[in-house]
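Chain identifiers are assigned alphabetically (A, B, ...) following the order of the sequence lines, protein sequences preceding nucleic acid strands; residue numbering begins at 1 within each chain.
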Amino acid sequence: MSLSLSATTEARWQKILDAYPEGRKRSAVIPMLIFAQDETGIITRELMEEIARRAEVEYLQVEEVVGFYSMLRKQPLGKYHVQVCTNISCMLAGGMELWQHACQSLHLGNKQTSKDGLISIEEVECMGACSWAPAIEVNYDFHHHVTPARFDEIIAEIKGKG
Amino acid sequence: MFNQPSPHEVKILTRRFGVENSFRIDVSLAHQGYEGLKKAIAMGADAVINEVKASALRGRGGAGFPTGMKWSFIPRTSPKPKYIVCNADESEPGTCKDRLLIQNDPHSLIEGIAIAGFTMNSNKGYIYVRGEYRYLISILETAIAEAYQHNFLGKNIQGTGWDFDLHVHSGAGAYECGEESALLNSLEGKRGTPRLKPPFPATHGLYQSPTLLNNVESFCAVTHIIRDGAAEFAKHGPEKSGGTRLMCISGHVQRPGVYELPLSTTLPFLINEVAGGLRPGRTLKAVQPGGSSSPILLPEECNVGLDFDSLAKAGTMAGSGGIVVLDDTADIVSYALRIIRFYQHESCGWCIPCREGTTWLKKILERLDRGEGSMKDVDLVGELAKNMFGRTFCALGDAAAWPTGSIVKKFRGEFETKLATYQAREISAELVTIG
Amino acid sequence: MATTTAPPSVINAKLNGQDIQTKPGTLLINLTKELGIEVPAFCYYEGFSLQAACRMCLVQVNNSPKLLPGCTTIVTEGMVIETESPLVVEARKSMLEFLLVNHPLDCPVCDKGGECELQDMVFKYGAGESRFVDIKHHEPERPFSPVVYYDPARCILCYRCVRVCDEGYGVNALGVVNRGVLSEIAPNLGDQLNCDECGACIDICPVGALTSHTYRYKTRPWEMKHVGTTCAHCSNGCKTTLGVRNDEIMRANNRDASGLNEEFLCIKGRFGFDFNHHAERLQSPLMRVDGELQPVSWSKALAAVASKFNAVKSAGGKFGVVGSNHTSNEENYYLQKFARQGLGTNHLDHARTGDVVTLVDALSGKNGKLAVMADLYQTKAALVIGSDLAQQHPLLAYELRRNFRHHQARVYAMTPGPVREDSYAVAKARVPFGEELAALESWREALAKEPELLILFGDSIKGDAVRRLVDFGESLGIPVKYVALVDYANSRGAIDMGLVPELLPGYAASGQPGMTLPEMLADPKLDVLWVVGADPLAGAKLAGKPFVVVQDLFLTATAAAADVVFPAASAYEKKGTVTNVTGELQRLNAAVKTMGTKPDLEILGLLGKEMGLDLGIWIADAVLEEIRRNVRGYNVTMPILASGGAALTSPVNGRVNVASRPELIRSAGDTLFTSGTLTKYSQVLNSVPERPGQLYKPV
């Protein structure tokens with residue numbers, strides 16, 4: 001196998017492959033994709049082929065789901081993917097302004113990545129933080145009640161971590 | 001990080017919230033954790049179903065179907081495997097309760113699922129967690145491992161001879177997967193498009209086998225219903241909408257938050273007493289009482305109970321329990337556009353009226369939001385919404401059409417004002433150029 | 001009140017105010033179709049799974065304001081159905097309006113313009129004006145393969161293509177990618193297809209989203225005349241409708257699903273007509289002058305051959321006559337008559353590809369034992385022995401699969417390697433050629449439990465093995481039918497018409513000695529070798545130096561070695577009949593003409609006339625009449641044939657008192673992407689990446 005993934009991802013794959021009844025490995029395709037993407041940052045053809053082999057499905061069956069689910073991506077994004085919700089609850093709490101602030105302060109557009117590959121931003125749909133809006137998610141970490149000033153702090157923290 | 005609780009809350013599902021390390025099994029056990037499961041085992045399956053029926057619990061995911069009745073539809077003696085599936089794909093805009101339940105009390109969810117598993121004679125359950133809630137997967141996996149250690153999951157549970165395995169499955173970003181049959185397709189590794197019904201999941205669900213599918217909050221409610229008895233739960237709501245529900249209030253109120261309230265609570269009480277009312281000097285413009293899919297209510301329509309039937313009678317729905325409040329600062333045109341942008345983005349593409357209808361609506365509303373177009377476009381929005389409503393394959397098309405149609409109908413004046421304001425501005429700009 | 005009630009045998013309902021009755025379980029859309037009431041639909045396609053995606057077939061039931069899709073609604077007792085109520089009409093109109101949001105209005109250049117279901121529906125049910133004034137989403141068209149092109153902008157996502165490929169053909173090469181308005185159809189390799197290249201997806205597409213590379217942007221449908229005929233390639237006998245413009249075949253399809261193959265065609269039937277227009281088609285008779293083949297006039301060539309034939313005949317010399325698996329029954333009949341009566345020789349043969357003769361003999365005295373095409377779809381159980389059906393007999397494979405899909409047919413596959421039938425067979429076994437009969441014993445018990453059985457066998461079962469197979473089948477104690485698989489479009493007809501020394505037409509023993517094909521080639525004293533539509537010298541040598549006369553489309557190896565070559569018309573250029581593998585007689589209809597060629601029948605007739613023989617007139621219909629009178633089993637019903645149907649030839653049902661020649665029987669082993677000598681001349685067959693294919697290919 002030419003594709004090499006970390007032991008952690010391999011273990012996650014194995015765990016999820018074992019979670020379904022006999023002959024139902026196809027069920028594991030979507031979790032496998034997202035767990036692998038967490039490591040690789042991008043879904044490549046090679047990865048899809050490997051998942052097709054492991055889950056015992058056709059390549060096309062993997063391809064079919066990759067484009068369907070909005071979190072799965074064939075284009076790389078930043079190491080820190082900053083997702084700004086502008087859906088109704090966040091919008092009423094200043095989410096749109098926060099999104100504009102994100103674009104302007106980082107000089108990035110939707111799904112664009114900073115030149116150093118550190119930060120990318122995306123305007124996303126409701127992430128389930130409506131009562132604590134506006135919210136952002138940096139990778140999988142939620143931040144609630146994010147003001148433009150708080151946003152700048154979060155970005156500074158990210159840049160500090162590198 | 002989250003909101004402060006309200007003194008008006010009736011804490012049943014959220015009773016362990018605020019207890020230190022409430023997500024741990026030892027803490028849960030110290031607070032009556034898994035007593036419901038033990039009681040269910042002692043009661044037997046038929047009694048459990050009767051108890052759930054008696055609680056008047058209605059599905060907390062959005063449709064509000066009586067949970068006990070749903071449970072009774074499962075062919076428990078079928079030779080096929082029976083599956084329990086928990087819908088933790090919470091993604092209805094305005095809704096953020098399942099996240100809290102899992103984060104604070106994963107064991108009450110696991111217990112509720114185990115009760116269902118025992119009742120349905122099932123040996124396998126899955127919790128379908130939306131991809132964005134990744135941190136909850138770790139919490140659930142840890143809690144599940146603890147439950148295995150204490151023999152609430154696994155082999156020969158509590159000496160009954162009954163085996164039950166529970167797994168966590170991650171979604172990857174698709175609102176449509178909140179629809180039960182689309183969720184099942186997704187759980188099978190396919191595109192999250194809805195299935196033809198009938199057959200229904202109760203008989204032909206996961207892998208075409210009998211499947212019980214409930215929302216996180218519904219399973220959690222079952223835990224407490226079984227432990228404390230149906231009456232104890234049912235008493236908090238009107239006859240046909242039993243118990244409490246986690247109400248997520250957001251938008252233009254002073255104390256937005258998730259509050260567990262009796263279903264007998266009214267909307268004005270929620271806004272004014274629980275959520276602290278509107279900001280000073282502001283007036284109410286509208287409320288979406290059941291997530292982004294629900295038709296909007298004008299202030300004069302807001303004197304209504306928050307139970308399923310009262311809201312249905314008011315021409316809207318209780319939905320997933322997300323109450324979004326708009327005051328007079330809200331631009332209703334932009335709001336309508338934001339709603340339709342969401343549904344356009346999330347339309348799975350399976351059927352024509354939803355796929356093309358949401359796209360078209362988005363284009364018109366974008367134009368209107370820019371102050372372009374005319375009142376004919378506003379009428380067109382209403383007509384297209386009408387043409388979509390009830391004609392799409394699944395409820396997503398309805399969910400897009402219903403609020404949109406209600407907004408253009410109820411707020412026609414706002415559209416008119418916006419267009420007039422923008423177009424007046426443009427004309428004067430032109431005059432300046434000529435001059 | 002009765003506690004138990006038998007299920008009702010009839011359902012009473014009201015449709016557009018009329019009382020109607022129908023069978024329980026009838027889909028509403030099928031009911032309307034039966035009654036001749038149109039309920040438009042894109043995604044609904046009879047025989048494939050239900051989608052309810054296009055929402056075109058919404059109808060009003062019991063006056064409910066919530067319309068129901070006709071394609072998934074079962075008609076129930078007392079149902080009141082309206083298909084033309086104002087609400088339904090308005091819903092249809094709005095659905096079409098939604099459809100046209102992103103569908104380009106490029107009908108003037110679209111291949112489908114004129115025969116597009118969307119165009120028809122908008123014309124009939126659509127709005128007169130468009131309210132959509134925004135920019136349409138557009139994606140550029142792209143090739144999926146050398147034959148299939150996809151234009152995502154035109155695609156309305158009815159999923160017909162996905163289903164015909166997966167459910168129909170068992171290939172599963174198409175899927176849906178992306179989400180919402182960006183959803184589109186994608187091929188299995190991501191950007192390219194790896195499939196049967198059958199083009200079924202193109203024909204089934206209701207709009208111009210999937211188009212054929214060989215046809216696209218070449219003509220408009222109304223500029224063509226449409227000629228229904230029988231495919232020139234394999235033995236399955238699919239009807240194919242040729243679209244012809246200016247004596248050129250522009251396309252072949254079967255969109256009216258009128259043949260025994262319904263909507264089925266493979267790459268050969270749909271695209272493989274292109275050999276007809278190959279640049280190397282012979283367009284003039286050739287004669288060897290000074291050692292070189294040179295074009296000569298028809299009269300000169302005919303005179304030369306006639307005088308040679310007469311000279312050899314009067315000198316008592318030796319003729320060897322070789323017929324074809326591709327020429328029509330009329331030509332085969334006339335050829336054997338020419339040889340036997342005209343030339344006085346019984347040295348007559350063709351390349352035999354399956355042992356029909358022994359099967360007919362082994363079944364003598366038994367009725368209803370030879371299966372017809374319809375049996376493939378209806379039989380409750382089938383046993384496939386020694387054939388990669390999906391490759392060699394694609395229609396039979398399709399029908400069997402359809403039978404499984406619709407009636408859960410139980411299929412047993414005994415083959416030397418993996419076959420597509422494995423995926424749904426109840427039992428499969430890998431057995432080398434020649435060992436099948438022994439291996440079959442292990443299935444005896446299971447097979448005997450089936451209510452009936454259809455046995456299909458390839459060329460590994462021949463001679464005595466056929467008798468033993470029949471013995472096995474007849475010992476099961478259940479009704480069994482048989483198909484002896486043969487290779488080409490008229491392989492069955494060649495045997496039926498007696499193109500072998502031992503048999504006269506209709507399986508009557510000739511009682512005359514005669515050389516077989518290998519014996520002719522090996523005879524140093526052969527004076528004349530006359531080859532009509534075959535290529536025996538491809539890979540074989542002549543022992544002697546006979547005068548060689550060849551009738552063919554191309555300069556084959558045999559033609560290149562000939563003294564005189566007559567340019568023959570192809571199957572698509574002549575009238576006549578052919579008999580398929582299951583004994584069904586179908587018409588060939590002349591669709592085009594290649595200048596300089598003549599049908600083989602005409603060449604035979606002219607040659608006979610030039611020789612001064614009286615063999616009867618050489619008009620196909622007249623010869624068919626003679627066949628109907630003289631050939632056992634061929635007294636078919638003319639109206640069926642005349643109306644383009646397949647007329648069943650009746651089984652001979654009598655002993656065939658000849659020595660079986662199993663050593664001469666050999667299938668050429670063509671795949672989906674080869675077609676004997678025609679392979680070389682089909683640009684399409686040579687363009688697809690799957691060529692030449694492989695039988696029993698591991699998945």
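- Here the closest non-hydrogen pair linking A/Y69 and B/G192 is OH-N, 3.1 Å.
- Checked by atom type and distance alone, the side chain of B/H252 pairs as donor or acceptor with a backbone atom of A/L92 at under 3.5 Å.
- Contact of B/V253 with chain A is not made at all, since no heavy-atom distance falls under 4.5 Å.
- Contact record, A/V29 with B/G189: CB-O, 4.4 Å, taken as the closest heavy-atom pair.
- The most heavy-atom pairs under 4.5 Å with chain B, out of A/V62, A/T86, A/V66, come from A/T86.
- Taking the ring centroids of A/Y20 and B/Y126, they lie under the 6.0 Å cut-off.
- For A/K15, the part sitting under 4.5 Å from any heavy atom of chain B is the side chain, from C-beta outward, and nothing else.
- No donor-acceptor pair under 3.5 Å is formed between the side chain of B/S250 and the backbone N or O of A/S89.
- Heavy atoms closer than 4.5 Å to chain A are found in both the backbone and the side chain of B/R341.
- Using a 4.5 Å cut-off on side-chain heavy atoms (C-beta onward), B/E188 and A/R24 make no contact.
- With a 4.5 Å cut-off on non-hydrogen atoms, B/Y259 does not touch chain A at all.
- When each of B/K190, B/E90, B/E92 is checked for heavy-atom pairs under 4.5 Å with chain A, B/K190 comes out on top.
- When all heavy atoms of A/I88 and B/I339 are compared, the pair lying nearest together is CG2-CG1, 3.7 Å.
- The minimum heavy-atom distance between B/G131 and A/Y140, with the atom names listed, is O-CE2, 3.6 Å.
- Interface remark: B/Y83 contributes side-chain atoms only to the contact with chain A (heavy atom separation under 4.5 Å).
- Annotation: maximal heavy-atom pairing with chain A below 4.5 Å, among B/V324, B/V168, B/L187, occurs at B/L187.
- Only the side chain of A/R12 comes within less than 4.5 Å of a heavy atom in chain B; its backbone stays farther off.
- Proximity to chain B at a heavy-atom threshold of 4.5 Å picks out A/F142, A/H144, A/H145 from residues 142-162 of chain A, in numerical order.
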With side chain to side chain contact (heavy atoms under 4.5 Å, CB included) as the test, would you mind laying out the steps for A/D141 and B/Y135 before giving the verdict? CA-CA 8 Å; A/D141 296 330; B/Y135 78 106; 5.8 Å; no
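- Heavy atoms of other residues, nucleotides or ligands lying less than 6.0 angstrom from CD of B/Q254 number more than 12.
- Looking at B/V258, the atoms closer than 4.5 Å to chain A (heavy atoms on both sides) sit in the backbone and in the side chain alike.
- Heavy-atom neighbours of B/K80 NZ from other residues, nucleotides or ligands within 6.0 Å: above the threshold of 12.
- Proximity to chain A involves both the backbone and the side chain of B/S186, based on heavy atoms less than 4.5 angstrom apart.
- Taking each heavy atom of A/I34 and B/S170 in turn, the nearest pair found is CG2-OG, 3.8 Å.
- Contact of B/L166 with chain A is not made at all, since no heavy-atom distance falls under 4.5 Å.
- Residue B/C348 touches chain A through both its backbone and its side chain, counting heavy-atom pairs closer than 4.5 Å.
- Heavy-atom distances place the side chain of A/I16, and not its backbone, under 4.5 Å from chain B.
- Neither the backbone nor the side chain of A/M32 comes within contact range of chain B, judged by heavy atoms closer than 4.5 Å.
- Of the atoms belonging to B/R191, heavy atoms from both backbone and side chain fall under 4.5 Å from chain A.
- If you measure heavy-atom distances from B/L100 to chain A, the contacts under 4.5 Å come from the side chain alone.
- Heavy atoms closer than 4.5 Å to chain A are found in the side chain of B/K124, but not in its backbone.
- For the set B/E176, B/Q288, B/H169, B/K97, the entry with the most heavy-atom pairs within less than 4.5 Å of chain A is B/H169.
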For residues 124-131 of chain A, tabulate all N or O donor-acceptor pairs below 3.5 Å that involve a side-chain atom, not counting sequence neighbours.
residue: A/E125; atom: OE1; partner: A/N87; partner atom: ND2; Å: 2.9
residue: A/E125; atom: OE1; partner: B/R338; partner atom: NH1; Å: 3.2
residue: A/E125; atom: OE1; partner: B/R338; partner atom: NH2; Å: 3.0
residue: A/S131; atom: OG; partner: B/I249; partner atom: O; Å: 2.9
residue: A/S131; atom: OG; partner: B/G257; partner atom: O; Å: 3.2

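- If you check the side chains of A/S27 and B/Y207, you find a donor sitting under 3.5 Å from an acceptor.
- Of the charged side-chain nitrogens involved, none lies within less than 4.0 Å of a carboxylate oxygen, so that B/R134 and A/E137 do not count as a salt-bridged pair.
- Using a 4.5 Å cut-off between heavy atoms, B/E346 touches chain A through its side chain atoms alone.
- Both the backbone and the side chain of B/S292 come within contact range of chain A, with heavy atoms under 4.5 Å apart.
- Contact annotation: the side chain of A/W132 never approaches that of B/P256 to less than 4.5 Å [non-hydrogen atoms, C-beta and beyond].
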